[in-house]
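Worksheet for the structure shown next.
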Amino acid sequence: MLGFLIQRILQAALVVLAMSALVFAGVFAIGNPIDVLISPDATQDIRAATIAKYGFDRPLWEQYFTFLGRALHGDFGQSFVYNMPVGRLILSRLPATLELTLAAVLGATLLGVPLGMYAGYRPQSRFSKAVMALSILGFSVPTFWVGLVLIFAFAVNLGWLPAGGRGATAPLFGVEWSFLTADGLQHMILPAINLALFKFALMIRLARAGTREAMLTDTVKFARAAGLSERTVLLRHVLRLIAIPLVTVFGLEFGSTLAFAVVTETIFSWPGLGKLIIDSITSLDRPVMVAYLMLVALFFIVINLAVDLSYAALDPRMRKGRA
Amino acid sequence: MIDRASPLARFFGEFRESRAAVFGLVVVGLMIGLALLAPLITPQDPYDLASLTLRDARRPPGYVGTAGFTHWLGTDAQGRDLLSAILYGLRISIQMGLVAGAIGLVLGASVGTTAAYLGGRVEAFVMRLIDLQLSFPAILLAFVIAALLGQGKWQLVAALVAAQYAYFARTAHGAAAAERHKDYVEAALSTPLPARRVVFRHILPNALPPLIVVATVQIASAISLEATLSFLGVGLPPTEPSLGMLIANGFPYMLSGRYWISIYPGVALIILIFAVNLVGDQIRDQLNPRLRR
């Protein structure tokens, strides 16, 4: 087990290293940030001095190793646009994305799983068919368009909810959160619904597929034969059978929702990480781009590692097969 | 009773039983037809600048324009008939979805089946890479690649393929790996046929059903992904106005209540994707051995 653990962690570290090289080279190819940094009428001397200050005159590999050395110490450089350390910039944007993502994924699960279980329990009923149609719709409708419709319906037409921004925030543990104020919550409703829609459809499908298969198992047959009520069978046995894949997907989806938030945050001007990356790509803010992409890569690699390791802990066959 | 119908005939027989799927297929066919015939049936060539006047700009649906015909879905900021623009946009969106889907299918299926055939370390390494890629959200990957490559039709196709081929590779590998050790493959390999022929003529056809299912899903998601990227400004150039770009162009006017510029192209997009998914859903249910009747 220890050997497997070490092997997997080494593998993950190698992947992170490869990703950092890829990201660095890729971002380098997007464009030269010099033209953004220096005003066109600056003198040759100022130009040369600025280029030297950021190290743009060095060869790419040297810039990469300087970056790598600093990154290992947690220093991702200064943002060109915001003129503050990238690490702090990203940390300041993280809570907004985190609370939005959490609200969306939780909402989608709490609503989607019961509906999906019902659709799997009574696949032929009218209600189940409607739920399934709803889930196909959730997959079919592009996120950004739903966002537009939500803004048009609830913000422009009805005027019930704000169209964008984060609203008032209140501090908790030294971080500003929107969900603690009524105004912030109001601002959160539309983007959270927008972000949740796809996950909602996914949870319905997973729960339905799992339930349909679970209903045919001996567990359910025996539970019924023992005289348990259908309610108990569903809540005690079926839910337990389908819980493992649901939890796995919940974890993975939480990660991918962070990425999906790019679209939602852009539409609703939600000042989170997703908006930050879009803005940094359009303004060629290289340090922010590199740091964000590295953070996302690291995040997904850690999630995958955790999933792999927990599977290995649960299922000895996986260990044998791969190690 | 022995079922004498060929597998294909049986497949279509079962397919016909689902009214939703037949409806989806009809809608997809209709939309492809409309898109193909767009230059013949639209009242206006939306990209012939000479036929546009600013006097007609941003008119609501049903407005009769200076050219004398009714703009059933209104006009956009340049005075373009929206219905015509949507049909032209449909052409580009469908084209992007099919091209990206087809390239992704060919590339992914080749990678997946070849890995399954070769086995050993190569297989382990390639599939590990693919798994790693699959753990990243496709939209983020496509977004970054599209931003790196810049605007352009082929750049966008490359971004879509890069984001999607892994799904095909994973599926093809799974199916091919299951076939690899069956007797008929061993038998084919024991003849002096070249390995390439065994992979493509014997293994691949048997790995095809799950690939077809993935293909329908991926074509729909390619269309949606293209629209999203174009909406975010890293997709197609303005010379290729897909549905996503029409929606993006209308976004600023939405806040002042001119909903039609964004909403109607979106409706067209959704009908298209929804219909493709209805068909794909039925095919999946039919090909799923665990739900076989």
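Here is the naming used below: chain letters follow the sequence lines, and residue numbers restart at 1 for every chain. Not measured: the values here are computed from a predicted model.
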Largest heavy-atom contact set with chain A, pairs under 4.5 Å, which of B:V267, B:L278, B:V276, B:L272: B:V267
Given the options A:V146, A:L148, A:V141, which has more heavy-atom pairs under 4.5 Å with chain B than any of the others? A:L148
Drop me the distance from B:F231's CZ to A:T143's OG1, to the nearest 0.5 angstrom. 11.0 Å
Chain A contact via B:A227 - which portion, at a heavy-atom distance below 4.5 Å: both
Under the salt bridge (charged side-chain N to carboxylate O under 4.0 Å, His left out) test, residues paired with A:R205 that sit two or more places apart: B:D281
What heavy-atom pair brings B:I247 and A:W145 nearest, and what distance separates the two atoms? CD1-CD1, 3.7 Å
I'd like to know which of B:F251, B:F143, B:F274 tops the heavy-atom pair count under 4.5 Å against chain A. B:F274
Looking at B:L225, B:I271, B:L269, B:I263, which one has more heavy-atom pairs under 4.5 Å with chain A than the rest? B:I263
